[in-house]
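Okay, so here's the structure we're looking at.
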Protein chains: 2
Amino acid sequence: MTNVDIPRDKPARPGSSRATISDVARLAGVSLKTASRVLTNSPNVKDSTRTKVLDAATALRFRPNAIARDLRNGGVATTIGFVIGDLTNPFYALVAAGISQTASDRGLTLVMAASDDDPQRERPTVTSMLERRVQALLLVPIAEDHAYLEGERQLGTPIIAVDRPLSHAASDVVVFDNRTGARDGTRALIDAGHRRIAFVGSSESLYTHGERARGYRDALGGAGIPIDESIVRTDAPSVETAAQSTLQLLDSSEPPTAIFAGNNRAAIGVHRAIAARGTSTALVGFDDFDFAEALGISVVAHSPVDMGRVAANLAFRRLDEMTGPLENIVLSTSVTLRRSHLLAP
Amino acid sequence: MTNVDIPRDKPARPGSSRATISDVARLAGVSLKTASRVLTNSPNVKDSTRTKVLDAATALRFRPNAIARDLRNGGVATTIGFVIGDLTNPFYALVAAGISQTASDRGLTLVMAASDDDPQRERPTVTSMLERRVQALLLVPIAEDHAYLEGERQLGTPIIAVDRPLSHAASDVVVFDNRTGARDGTRALIDAGHRRIAFVGSSESLYTHGERARGYRDALGGAGIPIDESIVRTDAPSVETAAQSTLQLLDSSEPPTAIFAGNNRAAIGVHRAIAARGTSTALVGFDDFDFAEALGISVVAHSPVDMGRVAANLAFRRLDEMTGPLENIVLSTSVTLRRSHLLAP
DNA sequence: ATGAAAGCGCTAACAC
DNA sequence: GTGTTAGCGCTTTCAT
């Protein structure tokens with residue numbers, strides 16, 4: 001093993017010219033370690049030395065390089081990852097807000113990536129986060145098979161499924177009580193005297209909508225109302241399709257007197273269709289947003305921001321002690337009554 | 001200079017047990033560099049070697065450490081930063097969506113942090129991003145003085161102000177044409193026959209609302225309508241305050257027949273107040289969202305997602321060549337007419 | 001109270 | 001086609 005003396009001149013790179021800690025040390029006339037001590041607020045530094053270093057740092061506009069620090073400190077970033085389908089959906093944006101708040105309380109920064117609702121893109125997106133060494137990974141699952149995630153958890157990265165569970169894989173989960181919420185919302189329509197109540201939402205193969213359709217059925221069954229599958233429309237993932245399905249419902253020979261809408265987009269579509277036809281069809285939606293309040297629509301309400309907070313806190317608990325059984329947190333919902341469910345049957 | 005032989009045993013750390021590239025190399029029976037070559041898809045590797053390395057990587061569930069890679073590659077992260085006031089506001093969430101899309105096209109991940117609309121928290125938040133060595137920093141400025149940012153730009157980090165310019169500092173900027181938009185929106189009310197038109201919005205000291213109030217005045221002046229300052233309400237930053245101010249307007253001895261609302265929150269508040277009083281006051285808002293469409297409110301529309309995309313692309317242009325004068329991109333708006341501006345004067 | 005040197009995981013010269 | 005070695009910027013034993 002040979003040992004070669006190498007000239008230590010560090011030619012200032014012309015491109016990215018940020019000062020390093022050794023630049024600071026040199027200017028302050030102290031050793032690298034002393035500069036480091038000052039900048040990390042370690043004790044055992046003479047006050048005069050401290051001042052010298054701090055001045056030098058300011059003069060050079062020194063910003064510690066978090067990449068280097070994180071690498072040194074175990075190669076783990078001081079970040080938390082959130083993989084989302086579509087940031088354009090206000091629901092997910094609110095979840096992100098909750099995560100962001102909680103993360104910053106813990107000194108972590110939020111790293112976000114969208115899979116654009118493409119199941120194929122989820123895995124590469126997740127992988128990229130893992131390579132960034134986020135401390136924990138929260139995701140709104142969308143891929144068909146999440147078996148690939150199990151290993152990652154065993155490798156030490158907490159993985160939290162948000163809004164729905166993983167498919168074909170276990171993990172910590174935070175979801176709303178969709179079924180109970182939908183049951184209670186539907187019941188509000190029943191209590192207002194409605195008997196012919198339609199459901200408009202997405203495919204039941206989507207976890208949330210499956211649960212909500214189940215809750216809708218629970219309510220009807222509980223009231224002894226037979227379920228007419230012809231007015232259970234699970235073909236309405238968007239505003240437009242919801243409006244379309246609703247128009248068909250309203251134009252049928254035996255139109256419903258009330259409609260339960262599976263999510264915010266469905267509620268908008270349903271409302272638009274009802275307005276277009278001018279019928280006095282009652283409506284209860286799932287998800288509470290500005291427009292629901294503005295329009296006086298009764299809804300099953302919940303707090304997406306809280307969901308984000310709870311998910312982030314669960315991740316932090318895992319970080320603090322990796323042990324214990326997987327958690328499955330179910331957040332409750334509440335029915336917010338306005339006017340729309342009261343329209344005469 | 002002494003040279004000491006150090007035992008190279010790498011005791012498996014019990015906590016975070018992720019394989020490194022040298023673990024992969026060892027298992028594959030090749031040198032570190034060869035493993036690196038394979039994993040970075042460099043040429044000049046025998047196929048059989050490649051396979052061996054790849055197999056070892058899979059077996060060990062190897063994930064390259066982006067922190068180490070980024071440090072090696074100049075100490076700059078493959079991320080772009082976005083500092084936002086409040087992720088809860090759908091407007092900013094949409095801007096973030098645009099940035100996220102554009103960033104991922106370039107292989108960058110979005111790092112986000114919210115200052116919670118606290119001017120004091122902007123700087124620490126920005127500093128944290130800078131320490132993370134984001135390639136570029138986009139921010140919705142909120143602090144009172146951004147002089148501190150000038151130096152950063154000179155240090156090589158492109159800084160783009162989004163939605164409003166910096167105070168006391170120059171930078172690249174992307175904004176909407178608030179003034180023209182507000183003028184055109186107000187003009188729609190004038191064209192519908194209104195002469196007594198109120199303004200409800202935030203303080204004019206906020207850039208966007210200042211511009212919008214100016215546009216409102218432009219329209220009135222252009223039509224020869226004298227401006228009655230008593231119906232220019234710039235004290236309505238929230239839904240509640242907007243509703244409050246509108247109620248006062250409607251209850252006055254000489255109520256306006258039409259109102260121009262300075263943003264989405266103001267429009268909701270105004271609409272709510274009008275509904276509460278049951279008057280047929282006309283309304284045009286700024287910002288187009290679900291609720292405006294659902295309620296048939298005419299608005300000055302724009303695309304927050306595009307704003308995000310344009311801002312991110314501007315940042316990338318700066319990254320590719322740092323030179324050239326600062327840009328000030330003004331995105332145009334359009335008036336979307338629905339029903340609410342037509343209510344009889 | 002301060003300093004010298006090793007090393008986090010990776011890639012890029014520069015051999016061979 | 002493959003290996004050796006230095007070093008990105010930082011923190012941390014271990015000396016002094």
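As the structure is a computational prediction, the values presented were derived from the model and not from experiment. Throughout, a chain's letter reflects where its sequence line sits, starting with A, and its residues are numbered from 1.
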Remember a base hit wins even if backbone is also touched, and classify A:Asp70 as base, sugar-phosphate or nothing at under 4.0 Å, heavy atoms.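 Nothing, no nucleic acid heavy atom in range.
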
Rounded off to whole Å, could you give me the [atom1]-to-[atom2] distance for the [X] and [N] pair?
X: B:Arg18; N: C:dC8; atom1: CZ; atom2: P; value: 18 Å
X: B:Ile21; N: D:dC8; atom1: CD1; atom2: P; value: 19 Å
X: B:Arg72; N: D:dT5; atom1: CZ; atom2: P; value: 16 Å
X: B:Glu131; N: D:dG9; atom1: CD; atom2: P; value: 15 Å
X: A:Arg63; N: D:dG9; atom1: CZ; atom2: P; value: 16 Å
X: B:Arg26; N: C:dG9; atom1: CZ; atom2: P; value: 11 Å

Would you mind listing every ring-ring contact (aromatic ring centres under 6.0 Å, His included) that reaches into residues 93-129 of chain A, with sequence neighbours excluded?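 Residue pairs with at least one partner in residues 93-129 of chain A: there are none.
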
Quantify the bending of the helix from C:dA1-D:dT16 to C:dC16-D:dG1 as the angle between its end axes, each fitted on five pairs, to 10°.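 Computed from the C1' atoms at both ends, the axes differ by 40°.
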
Contacts under 3.5 Å, N or O only, protein and nucleotides 2-4 of chain C:
{"from": "C:dT2", "atom 1": "OP1", "to": "A:Thr49", "atom 2": "OG1", "distance (Å)": "2.7"}
{"from": "C:dT2", "atom 1": "OP2", "to": "A:Lys46", "atom 2": "N", "distance (Å)": "2.8"}
{"from": "C:dG3", "atom 1": "OP2", "to": "A:Ser31", "atom 2": "N", "distance (Å)": "2.7"}
{"from": "C:dG3", "atom 1": "OP2", "to": "A:Ser31", "atom 2": "OG", "distance (Å)": "3.0"}
{"from": "C:dG3", "atom 1": "OP2", "to": "A:Thr34", "atom 2": "OG1", "distance (Å)": "2.6"}
{"from": "C:dG3", "atom 1": "O5'", "to": "A:Ser31", "atom 2": "OG", "distance (Å)": "3.4"}
{"from": "C:dG3", "atom 1": "N7", "to": "A:Arg37", "atom 2": "NH2", "distance (Å)": "3.0"}

Look at A:Ser36 and D:dT11 and indicate whether a side-chain polar atom (N or O) is within less than 4.0 Å of OP1 or OP2.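 For D:dT11, OP1 or OP2 has a side-chain N or O of A:Ser36 closer than 4.0 Å.
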
Does B:Glu327, at its CD atom, have more than 12 non-hydrogen atoms belonging to other residues, nucleotides or ligands within less than 6.0 Å?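 Yes, the 6.0 Å shell around CD holds more than 12 heavy atoms from other groups.
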
